[in-house]
Amino acid sequence: MSHHIVEVKDLHYTYPDGTAALGGVGFRITHGESVALIGANGAGKSTLLLHLNGCLIPEAGTVRMGDFPLTKKTLPHVRQTVGMVFQDPDDQLFMPTVYDDVAFGPLNLGLPPDEIEDRVMEALATVGAAHLRNRPPYRLSGGEKRAVAIASVLSMGPSILIMDEPSSNLDPKARRQLIHLLKSFEHTMIIATHDLDMVLDVCGRTMILKGGHIAADGPTEEILQNEPLLHACSLEKPLRLQGCPVCNPVRA
Amino acid sequence: MPKIESSFLDISRLDALASQRTLIHGLDPRAKIVTTLIFIFIVVSFPKHEVTALVPFTLYPVVLIALANLPPGYLFQKVLLAAPFAFFVGIFNPLLDSEVLIHLGPVGISGGWVSFASIMLRFGLTVGAALVLVATTGMNGIGAGLEKLGAPNSFAVQLTFLYRYLFVLTDEAARMVRARSLRSFGIKGTEVKVFGYMIGHLLLRTMDRAQRIHQAMLCRGFTGELRLPVPLKFSWRDMGFLAGWSSLFILMRLVNIPQWMGLLVTEVLG
Amino acid sequence: MHMADALISPAVGGLMWAATAGLTVYSARKVKEELDDRKVPLMGVLGAFIFAAQMINFTIPATGSSGHLGGGMILAILLGPYAAFLTMASILTVQALFFADGGLLALGCNIFNLGFFPCFVAYPFIFRNIVGAGANARRILTGSMISAILALQMGALGVVLETFFSGISELPFSTFLLVMQPIHLAIGIVEGMATAAVVTFVWKARPEVMELAAAPEPLTRVSLKPVLVGLLAVAFITAGVLSWFASASPDGLEWSMARTSGKEELEAPEHGLHALLAAAQKATAFLPDYGFKEQEQDKVVPREPAAKVQEVESWPSVNGGTSVSGIVGAMLTLAMAGLIGFGLRRYQQRA
């Protein structure tokens with residue numbers, strides 16, 4: 001199943017205004033892995049994600065998604081393989097109704113109408129949003145919007161899912177539902193996030209990005225326990241791994 | 001500010017009204033759009049001193065309001081809010097045209113007042129019909145209908161996008177205004193320069209958002225043409241709606257019903 | 001200022017609709033030719049932005065009042081004329097539908113007044129000539145001011161002409177012109193300031209944004225075609241409406257009947273719509289003083305003193321004898337319409 005592989009080699013990117021965002025990033029993610037991409041604000045997480053679905057074309061280095069190296073020519077294939085869930089669902093849900101939005105991708109793939117209907121309903125059922133199908137996106141709650149945004153990507157049948165801050169702006173219950181949902185996926189997943197507790201639940205592997213470089217890459221339990229490393233990267237241990245503040249007050 | 005925020009709430013309210021399910025809401029948007037246009041065209045085709053013959057046309061908005069379960073008081077209020085321009089231009093008519101046109105016993109009414117009344121009646125009818133159209137069809141229905149009626153795809157898409165992001169952006173602007181007023185400590189008004197910064201920031205953020213939306217579209221296989229997938233079916237019922245109302249409008253244009261009824265009554269009483 | 005349905009005649013409204021529809025189709029084709037699919041979401045979101053931006057006001061120096069961003073000019077500067085025209089058209093459509101600004105028949109006039117002039121006249125011929133390739137703060141200010149003012153002056157002139165040719169308002173052409181132009185000079189200055197402030201900010205923060213509009217079409221190739229189409233439409237309207245006025249001002253329906261049947265009603269009373277009308281009239285002839293019949297009588301034998309012959313001709317169907325019954329009838333009709341509505345509502349709620 002080589003088409004679930006993500007391989008990035010020596011990736012560089014500099015913004016038009018001269019800011020260097022990525023300075024030689026490289027990693028390899030294999031089938032079915034669920035990887036967290038963490039790092040301080042401005043560490044280059046979003047820029048990296050934009051390379052993985054071809055919104056940005058590598059300046060130097062290569063990106064390989066499944067069977068295809070990412071170039072202008074392979075873009076349509078890559079985009080079908082990779083489902084990207086954006087940070088702000090309002091950017092992703094641009095169609096008049098939930099149904100239209102989830103159908104947008106399949107429609108562009110040129111699928112027959114029956115197939116589109118099936119895919120849409122299946123994707124909506126997966127995220128538990130089938131009852132929202134006729135609602136306009138601006139009449140959804142934050143959690144519903146997130147669920148529909150994920151469905152709008154699932155309907156394309158991607159084998160790799162990329163998510164930018166999926167748990168941001170969710171209330172605790174919606175966040176918990178999201179975690180259950182993510183855990184149920186068998187896709188290869190890359191999740192950029194600041195929610196380290198969610199990382200503990202969902203991702204087996206964690207990469208830390210710092211100043212456009214990979215600062216660490218390894219099993220989540222190890223990395224999130226490594227306090228000096230986290231501190232150096234402007235991060236902190238997940239709350240769950242910090243002692244209880246009531247029974248075990250932290251020494252100042 | 002409060003005024004604009006409330007007019008934004010109006011959009012939500014009209015939008016909520018449009019998402020009801022009644023007989024009228026279920027009609028094809030094209031039937032309603034075309035009927036509304038015919039209605040408006042016929043209403044404005046009356047000569048400028050016509051008042052009585054316009055009255056029967058209230059039947060159309062009234063029937064639709066009733067069948068579509070719309071709040072008449074609210075719509076009336078919206079019509080009044082939009083009145084100023086027609087009112088200020090129309091109010092000159094009584095000043096400029098003082099020829100007495102109607103004698104009601106000892107009281108003479110000038111042509112100017114008659115035509116002013118006609119203007120206000122036309123205004124109420126045309127604006128009312130447009131509001132009823134939105135409240136029974138919704139912006140997305142109207143966009144899809146316009147496209148099927150031959151409007152360019154990019155215009156219909158543009159309408160849909162505008163409407164979708166109206167909700168997001170007015171929210172953003174409202175937050176900005178609030179943030180500014182919280183730190184302006186009672187100083188009223190905004191300098192042009194500060195205004196430029198605020199709008200400029202909002203604009204740049206908006207353009208960034210457009211870029212992200214574009215990326216999100218590309219990620220899902222967007223190739224430049226956006227299909228609006230609202231399926232429309234023009235059935236016999238839609239045909240009946242369009243044909244029925246249109247012929248009634250034409251009849252009401254040709255026959256001055258109130259005049260006719262009034263004569264009947266006054267003759268009987270006399 | 002938005003033209004209102006209540007003030008326009010079907011002829012003016014219809015012709016301006018045709019002109020605007022033509023320009024919309026033309027602009028849509030042009031935007032498609034540019035093949036810049038970034039503009040698809042950008043136009044829509046900027047349209048929403050114009051609404052949102054109008055929530056933010058600024059204080060006009062030396063006065064107590066406040067102003068806000070207009071729309072047409074800034075869109076043209078950011079998007080180029082074609083995409084800006086489409087965006088302006090959609091903004092005005094939403095305004096007409098949701099805020100009852102203007103109305104649907106007047107929509108053609110409004111898109112023309114507020115979209116055509118800034119996008120196809122002020123932007124290509126004034127703003128770009130002043131700002132040109134070497135933009136700097138002073139040029140942006142001058143360019144925005146002059147183009148915003150002129151665009152609004154032209155728009156205001158449009159409103160005056162459309163109102164005048166519609167003939168519903170009694171305002172004499174010159175008086176209305178003298179009221180509208182100075183008001184819009186003031187509005188134009190305010191809008192110029194607002195436009196300049198925003199454009200300057202954007203130009204300093206992200207100069208490449210303004211190039212987005214400038215890039216696809218070099219200055220010299222800004223096409224004259226939409227301008228010609230627009231002006232031709234106006235000329236057509238002027239000619240058409242003027243000649244209609246000259247012909248003893250028949251009312252709107254007669255005019256449109258003459259147009260659709262291709263015949264003057266008096267020349268061919270036996271055929272077409274007029275025949276139908278005449279039949280309808282005969283059928284209802286037992287009613288004395290019925291409108292259409294009276295109108296024709298009026299033309300032959302004016303009832304009012306001869307001094308006001310012309311006005312009498314354009315005031316059909318209302319006179320002393322019929323007015324009382326007319327008012328009684330109007331009240332009755334209104335009451336009946338209300339009853340029907342009430343009944344239907346009850347029925348609807350039970351169903």
Side-chain angles (χ1 to χ4, degrees), chain B residues 4 11 40-41 44-45 47-49 52 55-56 58-59 62 66-67 82 85-86 89 92-93 96-97 102-103 119 122-123 126-127 130 134 152 154-155 158-159 161-162 165-166 169-170 173 177 189-190 192 195-196 198-200 206 210 213-214 224 254 256 258-263 265-266, chain C residues 1 4-7 10 24-25 28 31 37-38 40-45 47-49 51-53 55-56 58-59 69 86 90 97-98 100 103-105 168-171 193 197-198 201-202 251-253 280 287 291 315-316 318 320 323 325-326 328-330 332-334 337 341 344-345 348:
Chain B
I4 305 269
I11 296 191
I40 292 174
F41 195 83
V44 303
S45 77
K48 75 174 163 193
H49 288 93
T52 50
V55 174
T58 46
L59 194 69
V62 164
L67 284 179
F85 182 64
V89 174
F92 283 100
N93 281 11
L96 295 166
D97 172 9
I102 298 177
H103 295 278
I119 286 176
R122 282 158 206 263
F123 169 78
T126 53
V127 167
V134 185
S154 51
F155 178 68
Q158 156 71 17
L159 265 182
F161 264 91
L162 188 159
Y165 285 99
L166 201 55
L169 290 186
T170 42
V177 171
T190 314
V192 182
F195 168 83
M198 287 173 76
I199 302 272
T206 305
I213 297 167
H214 183 237
L254 299 180
N256 187 338
Q259 194 83 62
W260 185 87
M261 285 201 328
L263 277 174
V265 172
T266 44
Chain C
M1 202 172 267
D5 274 359
L7 299 174
T24 307
V25 171
V31 169
D37 59 28
R38 278 179 306 173
V40 173
L42 185 59
M43 286 159 63
V45 180
F49 160 79
F51 274 96
M55 295 170 71
I56 303 173
F58 67 93
T59 316
L69 194 65
L86 283 182
S90 65
L97 287 167
F98 284 86
L104 294 183
L105 186 61
I168 305 290
S169 162
E170 293 281 351
L171 274 173
M193 286 197 303
V198 178
F201 177 88
V202 173
D251 79 58
L253 186 72
L287 302 167
W315 297 347
V318 187
S323 53
S325 56
V328 172
L332 273 174
T333 319
L334 209 56
L344 284 173
R345 163 70 46 111
Q348 217 277 330

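All values derive from a computational prediction rather than experimental measurement. Below, chains carry the letters A, B, ... as their sequence lines are ordered, and counting in each starts from 1.
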[X] to [Y] - nearest heavy-atom pair and separation:
| X | Y | answer |
| --- | --- | --- |
| C:E170 | B:N93 | N-OD1, 2.5 Å |
| C:V198 | B:I199 | CG2-CG2, 3.4 Å |
| B:S45 | C:P10 | CA-CG, 3.4 Å |
| C:P41 | B:A210 | CG-O, 3.9 Å |
| C:L86 | B:Q158 | O-CG, 4.0 Å |
| B:P152 | C:V25 | CG-CA, 3.8 Å |

Of all of C:A197, C:A52, C:G47, C:A28, which one pairs up most often with chain B through heavy atoms under 4.5 Å apart?
-> C:A52
Of the listed residues (C:G341, C:S169, C:A4, C:A6), which shares the most heavy-atom pairs with chain B below a 4.5 Å separation?
-> C:A6
Audit row: B:T126, C:L104, side chain to side chain contact (heavy atoms under 4.5 Å, CB included) steps and yes/no | CA-CA 8 Å; B:T126 53; C:L104 294 183; over 6 Å; no
Checking heavy atoms, do the side chain of B:V44, its backbone, both or neither come under 4.5 Å from chain C?
-> both
Could you have a look at B:V55, B:I213, B:V62 and say which one has the most heavy-atom pairs with chain C under 4.5 angstrom?
-> B:V55
Just do the side chain to side chain contact (heavy atoms under 4.5 Å, CB included) check on C:F98 and B:V134 with the steps written out, would you?
-> CA-CA 7 Å; C:F98 284 86; B:V134 185; 3.3 Å; yes
Any side-chain heavy-atom pair of B:L96 and C:L171 under 4.5 Å | yes
Could you walk me through whether B:I119 and C:L7 pass side chain to side chain contact (heavy atoms under 4.5 Å, CB included), step by step?
-> CA-CA 7 Å; B:I119 286 176; C:L7 299 174; 3.7 Å; yes
From CZ (C:F51) to CG (B:L169), nearest 0.5 Å | 11.5 Å
